[in-house]
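Keep in mind that the numbers below use all heavy atoms, side chains included, and drop hydrogens, waters and symmetry copies. Values in this document were obtained by computation on a predicted structure and should not be read as measured data.
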Amino acid sequence: MSEALQGTALGLALLSTLFLLLATCTDCWMVNADDSLEVSHKCRGLWRECVTNMQDGVRTCDQYDSILAEHPVKIVVTRTLMITADLLAGLALATLLLGLDCITFLKEDPCVKLKMCYGAGVTLGAGSILGLTGSVWYAVDVYMERAMLVSHNIFLGVHYDFGWSCWLGMAGSTGCLVASVLLTCCLY
């Protein structure tokens, strides 16, 4: 039973960590949601903004000036939270791999291996909370920006919705949280 639970937690943690990494690296946190006939598809991410021409499929991206340049608070906070969540999830994944019962590392001391799995669960939980906070922070800020423009009757031609990178960050964080619960609550 313990090995099956550990395997499930490992698989979920691996997939969720991959989702978190992809969400951090990809550039579609905000996507244009204009209902008119568009000739281009616009995405904004944490690191750059991309436009894809729908007729010929040509994609051009503009990198943001510098990591150290002044950016909106939502980008800086989300970058920080997502990178920290990625690092914590990676550390938890490495610790979990070493703590699995099927790995021969510290095979003679099962108590230490159990503590390693528990520590991996706690670390994964901390990473998931940071990832969820970053993803939800960004999504709420996008929604508030859009609501403010609508309430003031300002139409800029394009308004943005949550992109697939934002949803991927939320899914990865939620998966890490579930894996954390499996490792910390159900393993004992």
- Query: For the atom pair OG1 (Thr60) and CD (Glu49), what is the distance rounded to the nearest 0.5 Å?
  - Reply: 9.5 Å

- Note on the structure: Shortest non-hydrogen pair, Val31 vs Cys43, comes out as CG2-SG, 4.1 Å

- Do Leu100 and Met116 belong together in a cluster built from hydrophobic side chains that touch within less than 4.5 Å? yes

- Test side-chain contact (heavy atoms from CB on, under 4.5 Å), reference Thr133, set Leu81, Thr84, Val77, output is Leu81

- Item | Test disulfide bond (SG atoms under 2.5 Å apart) applied to Cys61 - qualifying residues, sequence neighbours left out | Cys50

- Note on the structure: Minimal heavy-atom distance between Ala89 and Cys176, with the atoms involved, is CB-SG, 4.4 Å

- Message: Between Lys113 (side chain only) and Leu98 (backbone N and O only), is there a donor and an acceptor less than 3.5 Å apart?
- Response: yes

- Query: Which distance, rounded to the nearest 0.5 Å, do you find between the SG of Cys25 and the CG of Asp86?
  - Reply: 7.0 Å

- Note on the structure: Rounding to 0.5 Å, atoms CH2 (Trp167) and OG1 (Thr174) come to a distance of 10.5 Å

- Message: Donor-acceptor pair, distance only, cut-off 3.5 Å: does the side chain of Trp47 make one with the backbone of Arg79?
- Response: no

- Note on the structure: Minimal heavy-atom distance between Gly169 and Ser135, with the atoms involved, is C-OG, 3.4 Å

- Query: Looking at Leu97, Leu15, Leu5, which hits side-chain contact (heavy atoms from CB on, under 4.5 Å) with Leu10?
  - Reply: Leu97

- Message: Is it the case that the side chain of Ser16 and the backbone of Ala13 share a donor-acceptor pair, with hydrogens and angles ignored and the cut-off at 3.5 Å?
- Response: no

- How close do Gly99 and Gln6 get, heavy atom to heavy atom, and via which atoms? O-NE2, 4.1 Å

- Between the OG1 atom in Thr123 and the OH atom in Tyr118, the distance rounded to the nearest 0.5 Å is 10.5 Å

- Message: Count I, L, V, M, F, W, Y as connected when their side-chain heavy atoms are under 4.5 Å apart, and connections chain through other members. Are Leu22 and Trp164 then in the same cluster?
- Response: yes

- Non-hydrogen side-chain atoms of Ile75 and Trp29 separated by less than 4.5 Å: no

- Query: Cluster question for you: counting only ILVMFWY and a side-chain heavy-atom cut-off of under 4.5 Å, with indirect links fine, are Leu14 and Leu21 together?
  - Reply: no

- Message: Do Tyr138 and Phe162 have side chains that approach each other closer than 4.5 Å (heavy atoms only, starting at C-beta)?
- Response: no

- Is the side chain of Ser180 donor-acceptor paired with the backbone N or O of Val122 at a distance under 3.5 Å, no angle test? no

- Query: If you take all heavy atoms of Ser173 and Gly131, which pair is closest and at what distance?
  - Reply: OG-C, 3.0 Å

- Starting at CD of Gln63, measure out to CG of Asp27 and round the result to the nearest 0.5 Å. 8.5 Å

- What one should report as the nearest heavy-atom pair of Thr8 and Leu182 is CG2-CD1, 4.1 Å

- Query: Does the side chain of Trp137 reach to within under 4.5 Å of the side chain of Thr78, using non-hydrogen atoms?
  - Reply: yes

- Query: Nearest 0.5 Å, what's the CG-CG distance between Leu177 and Leu124?
  - Reply: 8.5 Å

- What about Phe19 and Leu88, same hydrophobic cluster or not, with Ile/Leu/Val/Met/Phe/Trp/Tyr joined at side-chain heavy-atom distances under 4.5 Å? no

- Message: Hydrophobic cluster membership, with links at side-chain heavy-atom distances under 4.5 Å among I/L/V/M/F/W/Y: are Leu93 and Leu183 in one?
- Response: yes

